[in-house]
Novice: 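Pasting a structure here, questions to come.
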Amino acid sequence: GVKRLAVFGLDGADFSLLRPWLEDGSLPCLSRLYRQGVSGPLASTVPPLSPEAWASFATGMNPGKHGVVNFVQPKPGSYELQFSCGGIRRARGIWDLLSQAGLSVGVVNVPMTYPPESVNGFFISGPDAPGTQADFTYPGELKKRLLGAVGRYEIHGDYWGRTTPERYLRRLTETVENQKKAWDYLLREFEPEVFVGVFGSTDRAQHFLWKYADPDHPAHESLAPFAGDDPLLVVYRAVDDAIAQC
């Protein structure tokens, strides 16, 4: 049969956080992969920012070579700044190389991948896309089919400042479930030989909910107790469940 490869990205994940959960079985699917596979620390880019790091993941090159160096960049011909996006990347992504080698690929939600790239398969841009009102899919007609299949598609998943921490956590897990629903549809429709998908909710949770989970955080004691389990573990469990069902 056809050999298939799936690459799952957990944005912001770090073994200092993950390892205890992997070893005590809190994340059953990831724990199994951890025990039966190979793992190790991964050095980040310099500077260690998401745009540079994910562009390096896509290309295997450092920021000086692929050209993505921050969340913003100078607007040509002026002193103004504009948001960076995947369109400024100066190097080919691995999905492009795989496509040209004749393999079918599917790419979903990798940061710094807007506008969507032409591949032998499907491509759904990541959080640098302006939103679902933009043309964020390849092929272009896939946007209508995807939204018709899943009802809505969550690109950004950033709701802080407009809700309570508990409600924010619920929205993060809903985003994981929404993305998993979209992935199910895409994998069923295209059956790619190589699939690359990134969960951004892990990064969002750590940005805004870490202080509730970490007793050593300077703001921890001044906060009202979080209603429920460790909010970071809740998000990682949702991701673990989603990967297990792929």
Novice: Taking D128 for the side chain and M112 for the main chain, is one N or O donor matched with an acceptor at less than 3.5 Å?
Specialist: yes
Novice: Is the backbone N or O of G86 less than 3.5 Å from a side-chain atom of T113, with the two atoms forming a donor-acceptor pair by type?
Specialist: no
Novice: Looking only at non-hydrogen atoms, find the nearest pair between T59 and H66 and report the distance.
Specialist: OG1-CD2, 3.7 Å
Novice: For a quick test of reading the model, state the closest non-hydrogen atom pair linking A213 to P231 and the distance between them.
Specialist: CB-CD, 4.2 Å
Novice: I want to check something: taking the side chain as every heavy atom from C-beta on, are L223 and K211 in contact at a cut-off of under 4.5 Å?
Specialist: yes
Novice: For the residue pair L187 and P192, establish whether any side-chain heavy-atom pair is separated by less than 4.5 Å.
Specialist: yes
Novice: Going by heavy atoms in the side chains, are I124 and V110 under 4.5 Å from each other?
Specialist: no
Novice: Name the atoms and distances for all side-chain donor-acceptor pairs under 3.5 Å in residues 140-147, with sequence neighbours left out.
Specialist:
residue: K143; atom: NZ; partner: T132; partner atom: O; Å: 2.9
residue: K143; atom: NZ; partner: Q133; partner atom: O; Å: 3.2
residue: K143; atom: NZ; partner: A134; partner atom: O; Å: 3.1

Novice: Would you indicate whether the side-chain heavy atoms of L97 and R92 approach each other to under 4.5 Å?
Specialist: yes
Novice: Kindly state whether the ring of Y168 and the ring of F208 have centres lying under 6.0 angstrom apart.
Specialist: yes
Novice: Taking atom CG of N62 as the centre, report whether more than 12 heavy atoms of other residues, nucleotides or ligands fall under 6.0 Å from it.
Specialist: yes
Novice: Tell me if a side-chain donor or acceptor on E52 pairs with a main-chain N or O of T45 at a distance below 3.5 Å.
Specialist: no
Novice: Any carboxylate oxygen within less than 4.0 angstrom of a Lys/Arg side-chain nitrogen, looking at D184 and R188?
Specialist: no
Novice: Would you say that W95 contacts F195 through its side chain, given a criterion of any heavy-atom pair below 4.5 Å between the two side chains?
Specialist: no
Novice: Would you check if D135 and P115 make a side-chain contact, meaning some heavy-atom pair closer than 4.5 Å?
Specialist: no
Novice: Is a side-chain N or O of H207 found less than 3.5 angstrom from the main chain of T202, in a donor-acceptor match?
Specialist: no
Novice: ring-ring contact (aromatic ring centres under 6.0 Å, His included) between F71 and F83: does it pass, once the steps are laid out?
Specialist: CA-CA 6 Å; F71 287 97; F83 285 112; 8.6 Å; no
Novice: Heavy atoms, side chains only, cut-off 4.5 Å: are M61 and R90 in contact?
Specialist: no
Novice: Grab the two heavy atoms, one from A238 and one from T173, that are nearest each other, plus how far apart they are.
Specialist: CB-CG2, 4.1 Å
Novice: Identify, with sequence neighbours excluded, every residue that meets salt bridge (Lys or Arg N to Asp or Glu O under 4.0 Å) alongside D11.
Specialist: none
Novice: Checking S99 side chain against V119 main chain: does a donor-acceptor pair fall under 3.5 Å?
Specialist: no
Novice: I'd like to know if D229 and R237 make a salt bridge, using a cut-off of under 4.0 Å between side-chain N and carboxylate O.
Specialist: yes
Novice: Looking only at side chains, do E154 and T175 share a donor and an acceptor under 3.5 Å apart?
Specialist: no
Novice: Taking atom types as modelled and ignoring hydrogens, do the side chains of Q206 and Y236 form a donor-acceptor contact shorter than 3.5 angstrom?
Specialist: yes
Novice: Is E174 paired with R171 through a side-chain N to carboxylate O contact shorter than 4.0 Å?
Specialist: yes
Novice: Are P63 and V46 close enough that some pair of their side-chain heavy atoms sits under 4.5 Å apart?
Specialist: no
Novice: In terms of heavy-atom contacts, does CD1 of I88 have more than 12 from other residues, nucleotides or ligands at under 6.0 Å?
Specialist: yes
Novice: Please collect all salt bridge (Lys or Arg N to Asp or Glu O under 4.0 Å) contacts where either partner lies in residues 24-49, sequence neighbours excluded, each pair once.
Specialist: none
Novice: Can you see which heavy atom on I243 is nearest to which on F199, and at what distance?
Specialist: CG1-CE1, 3.8 Å
Novice: Looking at R89 and E117, is any side-chain nitrogen of the basic one under 4.0 Å from a carboxylate oxygen of the acidic one?
Specialist: yes
Novice: Which heavy atom in P127 sits nearest to a heavy atom in I155, and how many Å separate them?
Specialist: CA-CG2, 3.8 Å
Novice: May I ask you to decide if G126's main-chain N or O and N109's side chain share a donor-acceptor pair within less than 3.5 Å?
Specialist: no
Novice: Considering non-hydrogen atoms only, spot the tightest contact between A242 and K180 and give its length.
Specialist: O-CE, 3.0 Å
